[in-house]
2 protein chains.
Amino acid sequence: MIIDKNSPIPIYHQIEEQIKAKIENGFLLPDDAIPSEREYAEKFGVSRMTVRQALNNLVNDGFLVRQKGRGTFVSKKKVEQKLQGLTSFTEDMQERGMKPSNKLVHFEIIPAIESVASQLDVPVHTPVYEVKRVRLADDIPMALETTYLPANLIKGLTDEIINRSLYQYIEGHLKLEIDQATQQLEASTARESESKLLEVEKGAPILLILRTSFLKDGTPYEFVRSAYRGDRYKFIHQMSRNSNQS
Amino acid sequence: MIIDKNSPIPIYHQIEEQIKAKIENGFLLPDDAIPSEREYAEKFGVSRMTVRQALNNLVNDGFLVRQKGRGTFVSKKKVEQKLQGLTSFTEDMQERGMKPSNKLVHFEIIPAIESVASQLDVPVHTPVYEVKRVRLADDIPMALETTYLPANLIKGLTDEIINRSLYQYIEGHLKLEIDQATQQLEASTARESESKLLEVEKGAPILLILRTSFLKDGTPYEFVRSAYRGDRYKFIHQMSRNSNQS
DNA sequence: AAGTGGTCTAGACCACTAA
DNA sequence: TAGTGGTCTAGACCACTTG
């Protein structure tokens with residue numbers, strides 16, 4: 001382990017990366033004590049505060065745990081933040097080791113009904129794209145997904161773009177910055193029309209996911225209603241305690 | 001604003017709390033610039049590094065945003081974070097404006113079966129508390145919840161503690177630091193036994209939530225299986241696109 | 001008693017932004 | 001050019017844990 005004091009990369013960041021690498025490569029194992037802050041400071045020829053800045057970042061990222069009077073230790077898990085964050089159906093299935101595919105049921109511009117308009121924060125009857133797809137995993141139906149997009153925001157949409165990647169079109173071509181989404185999950189049972197497309201019995205368990213997605217400036221750009229087969233899909237999700245204690 | 005240098009509470013924490021209070025009380029509004037680090041240092045008669053530690057914590061908690069060369073500003077949102085993070089049933093129902101209550105079905109120490117043992121990362125047959133409760137909202141059944149806790153970690157549990165607040169006992173009395181949890185959500189239908197306790201028809205939609213919760217050092221301390229009534233409960237959840245860039 | 005992380009000081013130079 | 005946050009130093013005393 002060696003650092004370059006003349007590098008434009010901050011020293012604390014260099015230290016951080018090297019310790020992180022040791023953890024990820026297995027040179028440092030869970031529950032191992034790492035050298036003390038003073039040891040690192042001497043070894044690298046830097047001040048202890050600089051070492052602390054590196055360690056603080058690793059603690060915040062969940063790689064290390066401090067214990068007063070004892071030392072600093074490698075975290076037990078660092079449960080990978082995998083399925084965190086906004087993922088598309090395609091990304092989601094790939095994470096799960098399945099092959100995603102689509103069947104476009106229909107694609108058209110319609111005037112927004114009230115429930116859609118309110119989610120997208122536009123007046124009722126504003127033109128919106130309605131995209132209805134059966135989502136397959138390993139060629140078996142997984143979900144029935146209906147997406148609504150404001151036509152004046154997501155311009156020039158074609159069925160070809162949808163089949164390639166909607167997110168890439170929005171971020172890459174339209175240069176809009178996707179920020180976050182709110183989801184609602186609830187249990188339901190398959191309606192007649194859904195049961196046929198999903199190839200399950202009528203009344204079979206369905207996981208309904210309603211998602212409204214926003215751009216960086218807060219504009220909603222997408223409202224999605226997905227009906228997942230209860231027998232095939234589990235939604236997985238991580239959350240932390242300290243996100244909002246005040 | 002004034003700080004007490006002789007207080008056992010660290011100075012940076014005192015500064016932190018006072019700035020946070022100003023934001024929450026509306027004395028500092030979103031996009032407002034706060035005084036510079038040097039101004040704070042002089043005003044409080046402390047070093048700039050101490051001020052920085054306070055501001056860093058507020059930045060990490062999402063209250064402030066730094067901009068190189070410009071200054072430090074109050075975050076736009078911070079309201080959004082609501083139903084984020086790990087919440088108890090009690091907190092969850094209160095957020096939703098409902099009155100939470102419990103009915104203890106049973107409470108005992110049993111040897112862990114395989115599925116529970118693997119979630120809690122202990123050998124099979126290790127003693128665990130099993131706590132089964134009907135969770136009510138406005139006096140109507142909302143969920144059937146079964147919690148498993150390793151008996152050698154969560155010591156001295158009584159039904160009274162459970163009825164008060166399990167989390168407060170773990171954090172306040174046992175001094176363990178709760179960190180994060182992984183959840184699995186799936187749609188199912190009510191079994192005979194569940195339908196009776198939840199007061200729904202057999203076969204009614206059920207939202208199953210399986211949660212494994214971890215301490216700061218990565219030790220799992222709790223595995224919970226909750227069966228929520230599909231007709232009464234929706235799980236709400238926010239996520240951002242850039243959650244995991246390192 | 002020795003070592004650890006937690007807190008804190010009083011400076012310093014840098015890159016960046018704004019006027 | 002003046003002011004800001006970003007980085008860094010070389011110390012210090014504290015409370016805590018362990019031998």
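Proteins get letters first, then strands, A, B, ... in listed order; numbering begins at 1 in each. It should be emphasised that the depicted structure is a prediction, and the values quoted were computed from it without experimental measurement.
- For residues 109-127 of chain B, the set of pairs meeting the side-chain hydrogen bond (donor to acceptor under 3.5 Å, both in side chains) definition, not counting sequence neighbours, comprises B:Q119-B:T212.
- The distance between atom CD of B:E37 and atom C1' of D:dA2, rounded to the nearest whole Å, is 16 Å.
- Under 4.0 angstrom from either OP1 or OP2 of D:dT18 there lies at least one side-chain N or O belonging to A:R70.
- The main-chain N or O of B:L157 is found under 3.5 Å from a side-chain atom of B:Y129 such that the two form a donor-acceptor pair.
- Formation of a donor-acceptor pair under 3.5 Å by the B:Q14 side chain with backbone atoms of B:I9 is found in this model.
- No donor-acceptor pair under 3.5 Å is formed between the side chain of A:D61 and the backbone N or O of A:F63.
- Scanning for ring-ring contact (aromatic ring centres under 6.0 Å, His included) contacts around B:F89 gives an empty result, with sequence neighbours left out.
- In this structure B:E42 satisfies the salt bridge (Lys or Arg N to Asp or Glu O under 4.0 Å) test with no other residue, sequence neighbours excluded.
- Here the side chain of A:D32 pairs a donor or acceptor atom with the backbone of A:L29 at under 3.5 angstrom.
- The outermost nucleotides of DNA chain C lying under 4.0 Å from heavy atoms of chain A, listed 5' to 3', are C:dG3 to C:dC8.
- Residues of residues 2-17 of chain B that place a heavy atom closer than 4.0 Å to DNA chain D do not occur.
- Within residues 40-53 of chain B, the residues approaching DNA chain D are B:R48, B:M49, B:R52, by heavy-atom distance under 4.0 Å.
- In terms of modelled atom types and a separation under 3.5 Å, the side chain of B:K5 and the main chain of B:G45 share a donor-acceptor contact.
- For B:E91 and B:R96, the salt-bridge test fails: no basic side-chain N is under 4.0 Å from an acidic carboxylate O.
- Screening A:E24, A:E16, A:E17 against A:K20 for a salt bridge (Lys or Arg N to Asp or Glu O under 4.0 Å) leaves a single residue, A:E17.
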